[in-house]
Amino acid sequence: MFTADALHPALDPRAAALKRQILEAARKSPAPRRKSRKAQGALLIGLALAAMFALYFQWGGPLNAASRSGPITAWVLLGTALLASVATWLSLPARRSMLPRPPHLLLAVALGVPVMVGAWLGLWSLVTVDPFVRFGWRCLGLTAATAPWPFAVLVWASRRLDPVSPQLSGAAMGAAAGAWAAVMVELWCPLTSASHVLVGHVSPLLLLVGAGAALGEWTLRLRRVGTPRASRLGA
Amino acid sequence: VDQNDRQLDEADRSLRKRADRLMERYADGDDSAFGQLYDVLEPRLTRFALRYSGSSADAEDVVQQTMLQIHLNRHNFKAGAPVLPWAYAIAHNRLRDLRPAKSRRAFEERAAQEEEAMSGPLQDVAYEMKVREQWLAEELQRLDEKQRDAFLLVNVEQMPVAEAAAVLGISVTNAKQRAFRAREALAAALEDRER
């Protein structure tokens, strides 16, 4: 009864009409052909980096962390950048796929990044002494101001394309963007005490995960194409 | 049976390759490939949507939406990506939005209409097939919707479990479990029916 043949164009005039309507609708709203998005992507990444560094210098630049030794700064940044790279890779669809990563992976990124950033910074408190005490509001602010730029790049890469789990993808992208923001913030902030890390470095990442989930639903979800229902087109 | 399965696998692989080739051509700007891509994808999408919703109007809407999404996003299509799982994921997304209780009602209305319309010498021959199909469709509608999703993709559409899991946004283990439970439920229902 419910077989595909029942609607096959060769056997069913209604199916033939549906095909005509779809081809006609496609013809009426031409879509651009595929071309390399590398240049566009590189431009966006460049703009995001410029915005992030502008904020970093606006916040005071390298002077704030001048008391921390160069090798320690390099190691802290290297670890965070590695984490951010892995989070970015996992939050986007695989190279030869149009579908998002499995939900458990996306969830692991969304929840794992804040924990790992906190743990990584916390580790350094064993070998460094904080040069001053801060509650962490400025780090929170800098993270919140810096993260939207990499988030925008990630959303651009898969906007309106996720038919499966846009909220989870958005949450994972929020975490990945937060990790890139953390790289900038750690370039600026030499503090590693637990309370400071929790307030200034981990809590903004958790906020970004939540914001990413909310924005993901809005920016990544595949939307219904604005056409009348096929059944009303006079098939 | 093995040979038959192998032939089916071969046919499925060849269809997938054809769909992928056509999508590549279409993404690269060959507009004539869209009609051919439609011919390859439409029967599978229609079958999936009909089994899922039981409504031909919904199935047509889902096919239309899926094909137009593929068209509108052709510039975003990644080189070397398979098109079939993407198409199923879009179709499933649309079907989920359509999913209200009306799908069952639509199924029953359609079944009644077809019964009325059926006449002629093939009526008797087709009757048993129709009854079986109807029974399966009714049982599918009775299944837990998550189990039905997995069963339709893995067992009816013969999709690899990993691919079905990606389409549904669940883990591979979860997809296997859901399809297995659906099969168990259908087997139990069949047993009851034959008693």
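Within every chain, numbering begins at 1; the chains are lettered A, B, ... in the order of the sequence lines, protein sequences first and strands thereafter.
A search for ring pair (Phe, Tyr, Trp, His ring centres under 6.0 Å) contacts involving W124(A) returns W120(A), not counting sequence neighbours.
Closest of all the heavy-atom pairs between L222(A) and R94(B) is O-NH1, 4.1 Å. Residues V164(A) and A89(B) approach most closely at CG2-CB, 4.0 Å, considering heavy atoms. Nearest heavy-atom pair, L68(B) versus A25(A), reported as atom, atom and distance to 0.1 Å: CD2-CB, 3.9 Å.
Contacts of residues 42-55 of chain A with chain B at a heavy-atom distance below 4.5 Å are absent; not one residue qualifies. Against chain A, the residues from residues 17-28 of chain B that qualify, each with a non-hydrogen atom under 4.5 angstrom away, are E24(B), A27(B), D28(B) in number order. Residues of residues 79-87 of chain B placed with any heavy atom under 4.5 Å of a heavy atom in chain A are listed by number as A79(B), G80(B), A81(B), P82(B), P85(B), W86(B).
Neither the backbone nor the side chain of V172(B) comes within less than 4.5 Å of any heavy atom in chain A. Of the atoms belonging to L45(B), not a single heavy atom falls under 4.5 Å from chain A. Neither the backbone nor the side chain of A165(B) comes within contact range of chain A, judged by heavy atoms closer than 4.5 Å.
Side-chain contact check for K78(B) versus P93(A): some heavy-atom pair is nearer than 4.5 Å. L18(A) places a side-chain heavy atom less than 4.5 Å from the side chain of Y38(B). Under the 4.5 Å side-chain criterion, counting only non-hydrogen atoms from C-beta, E163(B) is not in contact with L99(A).
Other residues, nucleotides and ligands contribute over 12 non-hydrogen atoms within 6.0 Å of the CD atom of E24(A). The local environment of CH2 in W75(A) is sparse, with at most 12 non-hydrogen atoms from other residues, nucleotides or ligands closer than 6.0 Å.
When each of R33(A), R101(A), R27(A), R34(A) is checked for heavy-atom pairs under 4.5 Å with chain B, R34(A) comes out on top. Of the residues considered (R96(A), R95(A), K35(A), M98(A)), M98(A) shows the highest number of contacts with chain B, using heavy-atom pairs under 4.5 Å. Ranking S165(A), A157(A), P103(A) against chain B, the residue ahead of the rest is P103(A), based on heavy-atom pairs under 4.5 Å. Note on G29(B), A162(B), A91(B): by heavy-atom pairs under 4.5 Å with chain A, the leading option is G29(B).
Between the CG atom of N73(B) and the CZ atom of R160(A) there is a distance of 10.5 Å, given to the nearest 0.5 Å. The CG atom of N174(B) lies 10.5 Å from the NE2 atom of H104(A); values are rounded to the nearest 0.5 Å.
At least one donor-acceptor pair closer than 3.5 Å links the side chain of Q69(B) to the backbone N or O of R223(A). A donor-acceptor pair under 3.5 Å links the side-chain atoms of H71(B) to the main chain of S29(A), judged by distance alone.
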